[in-house]
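Chain A is the first sequence line, chain B the second, and so forth, proteins listed ahead of strands; every chain is numbered from 1.
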Amino acid sequence: MTVRTRFAPSPTGYMHIGGMRTALFCWLWARHNRGQFILRIDDTDQQRNIDAALGPILDAFRWLGLDWDEGPEVGGPHAPYFQSQRRHLYDAALKQLLDSSRAYRDFESPEETQAQREAAEKEKTVYISSRASLSLSEAEVQKLLAEGKPFVVRLLVPRADKVVINDHVRGQVEWDCSLMPDPVVARSDGSPLYNFATVVDDAALDITHVIRAEEHLPNTPIQVLLHRALGNKTPEWAHIPYVASPGSKEKMSKRKISKYRTNPQFQKLFELGDQVLSRMGIDPTSDALSPVMVAYYKEMGFLPAGVLNALVRLGWSLDDQAEFFTLDEMKRKFSLERVIKSAAGLDPDKLLNFQAHWMSQLPADEKLTGCLPFLKKAGLIEDENDAATQTLVASVIELAADRIRVFGDIFQLDEFFVADEDLKIDDKNFQKRVVKPEAAVDLLRDLRTQLANAVSFDAASLHDLLQAFAAEKQVKVGDVFPALRLCVTGKAQGADLFRSLELLGRECVIRRLDRSIGLAESQRAS
RNA sequence: GGCCCCAUCGUCUAGUUAGGUCUAGGACAUCGGAUUUUCAUUCCGGUAACAGGGGUUCAAAUCCCCUUGGGGUCACCA
């Protein structure tokens with residue numbers, strides 16, 4: 001039997017990072033078994049449905065390289081894959097349920113049902129459906145129907161039964177049907193509810209394994225009962241723990257972003273994100289983009305490999321050693337049996353670490369094509385196809401080495417792209433190392449002369465020149481290197497100073513030195 | 001509150017199915033040290049956990065029970 005799994009998102013306008021992890025496990029299980037992965041869009045709730053809301057979800061799948069065999073855009077033998085377009089199937093199944101008396105029309109008003117619920121709660125008893133409509137005679141039912149009295153259709157729960165499943169990750173789980181209210185299967189307008197549509201579709205699409213987040217566990221007995229009532233073969237289940245927010249066991253939620261901002265474990269990620277996104281003209285504090293969403297990581301310049309690796313290790317492990325997996329390795333080694341039962345908090349630090357690892361593995365030309373769009377978007381380069389620009393960027397990337405963990409980190413080396421007058425100088429350190437020390441400016445002025453007259457301007461020669469200069473002036477290198485760096489790059493620290501000077505070029509270095517010396521002098525005067 | 005789920009270092013986890021090899025392993029973070037002109041990297045090393053209580057057993061992180069704690073879910077949402 002071919003394994004068929006599905007991921008069934010609602011079009012919400014963004015792809016949740018936790019949902020992505022569930023989808024990954026789903027995909028992995030299908031691929032591991034050489035089966036099929038289906039994308040189905042659960043958009044039965046029409047009011048909440050927006051057309052553009054699907055785009056970001058498909059984008060996330062494409063970005064991470066998770067392909068789907070059937071679903072939106074690619075179609076498939078069971079098309080359409082939008083629940084909103086499969087109404088006829090639900091109608092037919094509804095008729096089957098009614099005809100076989102596995103479901104009934106409930107004429108009770110919502111208010112009445114609600115009142116019963118509250119009454120049960122007040123008496124601390126379990127609420128189960130009154131089933132008052134069941135005692136209506138056939139004639140009475142026909143009369144109510146003729147009058148147009150609204151009703152919902154409820155599944156007639158077999159109260160004597162038990163539902164037992166053998167979940168791939170949680171083992172045996174069971175429910176007592178005598179404690180269950182009869183679930184609504186179709187609204188008064190005849191439209192299907194989630195649990196019903198899901199069951200009809202899972203059966204129609206021949207889904208063999210329903211792999212979904214743990215919060216669906218309470219839906220499972222209802223779905224099992226529905227499958228039974230419809231005469232379907234029930235699929236196998238695997239309930240994956242949800243992704244919790246860092247350091248907690250609470251489900252990660254889009255609504256709690258402001259809370260996450262103050263979470264120390266989120267610190268580094270937010271800092272990096274704020275820095276990169278603001279540079280690209282995206283308001284990092286806006287709710288439109290946050291660490292809860294897959295797009296956030298894409299926009300910052302994460303690699304699919306980094307995100308994927310972090311996600312797969314959230315709730316799954318191969319053994320007591322392995323940490324790094326390519327998508328291909330995951331595919332081969334993944335198993336549901338090794339999925340952990342408890343909720344796993346996202347670990348931003350570890351995510352960053354996985355990312356740094358895969359970035360370090362990336363060939364130079366791919367780093368280049370990755371960084372170029374970021375520089376372009378930030379307005380730091382004009383034309384990303386220009387050969388000279390590409391050469392410069394490639395050199396900067398090589399110089400930056402492992403300082404670039406995400407593509408957005410290229411902004412840390414912005415001194416190679418900004419015009420001299422736009423160079424921002426770290427004022428605090430500039431004061432400390434250039435303005436305040438008595439001898440600094442004179443030293444820099446002499447250095448400027450030597451640099452201007454240097455025979456060659458390559459890193460090795462510059463290194464020798466600077467060493468000799470310090471010796472000649474009888475000062476520590478620590479008194480001149482940092483000052484020089486501040487003057488030409490604006491930063492207190494960074495990549496190799498001599499290679500930076502070489503890459504910047506003599507003219508640029510001299511110009512910036514002049515500018516900084518002037519700046520220091522005027523500040524010293526005032 | 002009902003139903004259901006979960007419980008090993010700060011975090012992600014190995015070990016629990018077949019009890020001894022676990023004075024509990026790895027990774028991230030953190031702290032020290034080495035390398036480096038700075039930063040980053042790299043390399044060495046340290047701190048750090050079986051929620052509690054009862055059983056069962058020669059032996060329990062592993063099995064059973066209870067307690068506690070955490071979480072999910074209780075719609076004519078998905």
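At whole-Å resolution of the value, CG in A/Leu346 and C1' in B/rG10 are 15 Å apart. Per the geometry, NE2 belonging to A/His357 stands 17 Å off C1' belonging to B/rC12, to the nearest Å. Straight-line distance from the CD1 atom of A/Ile165 to the P atom of B/rC4: 12 Å, rounded to whole Å. The separation between A/Gln172 atom CD and B/rC4 atom C1' is 14 Å, rounded to whole Å. One can place CZ of A/Phe266 at 16 Å from C1' of B/rG10, the figure rounded to the nearest angstrom.
By the 30° and 60° cut-offs, the orientation of the rings of A/Phe61 relative to A/Phe7 is tilted.
Between B/rA48 and B/rG25, the distance separating the two C1' atoms is 14 Å to the nearest Å. The same atom, P, is picked in B/rU8 and in B/rC50; the two are 11 Å apart, to the nearest Å. Here the separation of B/rA59 from B/rG46, taken at their C1' atoms, is 32 Å to the nearest Å. The gap from the P atom of B/rC43 to that of B/rA7 amounts to 34 Å, rounded to the nearest Å. B/rA60 and B/rG53 have their C1' atoms separated by 15 Å, given to the nearest Å. Taking atom P on both nucleotides, B/rC4 is separated from B/rC58 by 35 Å, rounded to a whole Å. Nucleotides B/rG15 and B/rG1, compared at atom P, are 34 Å apart to the nearest Å. One C1' atom belongs to B/rA78, the other to B/rU21, and the distance between them is 49 Å to the nearest Å.
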Atom pairs under 3.5 Å: protein N/O with N/O of nucleotides 64-67 of chain B:
none

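Sequence neighbours left out, the pairs with a member in residues 234-250 of chain A that pass salt bridge (charged side-chain N to carboxylate O under 4.0 Å, His left out) are A/Glu250-A/Lys256, A/Glu250-A/Lys259. Evaluation of the salt bridge (charged side-chain N to carboxylate O under 4.0 Å, His left out) test over residues 458-476 of chain A, restricted to residues two or more places apart or in two chains, returns A/Asp446-A/Lys473.
The partner of B/rG10 is B/rC28, by the rule that a Watson-Crick or G-U pair needs both atom distances under 3.5 Å. Of the nucleotides present, B/rG1 is the one that pairs with B/rC74 by Watson-Crick or G-U wobble criteria, both distances under 3.5 Å. With a cut-off of 3.5 Å on both pairing distances, B/rU41 has no Watson-Crick or G-U wobble partner at all. When Watson-Crick and G-U wobble pairs are counted only if both distances are under 3.5 Å, B/rA59 pairs with no nucleotide at all. In this structure, B/rA18 makes no Watson-Crick or G-U wobble pair, since no nucleotide meets both defining distances under 3.5 angstrom.
Put simply, the side chain of A/Arg261 reaches to within 4.5 Å of the side chain of A/Phe270, judged on heavy atoms.
Closest-nucleotide positions on RNA chain B for A/Asn195 and A/Glu215 were compared, and the one nearer the 5' end corresponds to A/Glu215.
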Report task. Scan nucleotides 45-51 of chain B nucleotide by nucleotide, 5' to 3', and note B when protein non-hydrogen atoms come under 4.0 Å of the base, S if they reach only the sugar-phosphate, - if neither. Result -> -------

Report summary line: Letter by letter from the 5' end, nucleotides 28-40 of chain B scores (B base, S sugar-phosphate only, - none; protein heavy atoms under 4.0 Å) SSS------BBBB

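OP1 or OP2 of B/rA75 sits under 4.0 Å from a side-chain N or O of A/Arg117. Contact annotation: A/Arg313 does not reach the phosphate of B/rA14 (side-chain N/O to OP1 or OP2, under 4.0 Å).
Counting any heavy atom pair closer than 4.0 Å across all strands shown, A/Lys491 reaches no nucleic acid atom. A/Gly171 comes within 4.0 angstrom of nothing in the nucleic acid, heavy atoms only. Nucleic acid contact class of A/Asn219 (heavy atoms, under 4.0 Å, all strands): base. Using a 4.0 Å heavy-atom cutoff across all strands shown, A/Val173 reaches sugar-phosphate atoms only and no base atom. Residue A/Lys124 is classed as having no contact, given no heavy-atom separation below 4.0 Å to the nucleic acid. In this structure, A/Ser188 reaches the bases: a heavy-atom distance under 4.0 Å links it to at least one base atom across the strands shown. Counting any heavy atom pair closer than 4.0 Å across all strands shown, A/Glu121 reaches no nucleic acid atom.
Candidate nucleotides B/rG15, B/rG72, B/rC3 were compared by shortest atom distance to the side chain of A/Leu179, and B/rC3 ranks first. You'll find that the side chain of A/Ser317 is closest to B/rA14, out of B/rA14, B/rA78, B/rC6.
With sequence neighbours left out, the side chain to side chain contact (heavy atoms under 4.5 Å, CB included) criterion links A/Val435 to A/Phe430, A/Gln431, A/Ala520, A/Gln523.
Aromatic pair A/His216/A/Tyr194: ring centres closer than 6.0 Å. Taking the six-membered ring for Trp and the full ring otherwise, A/Phe25 and A/Trp316 have centroids separated by 6.0 Å or more.
Between the side-chain ring of A/His216 and the base of B/rG72, no stacking contact exists by the 5.5 Å and 30° definition.
Heavy-atom neighbours of A/Glu121 CD from other residues, nucleotides or ligands within 6.0 Å: at or below the threshold of 12.
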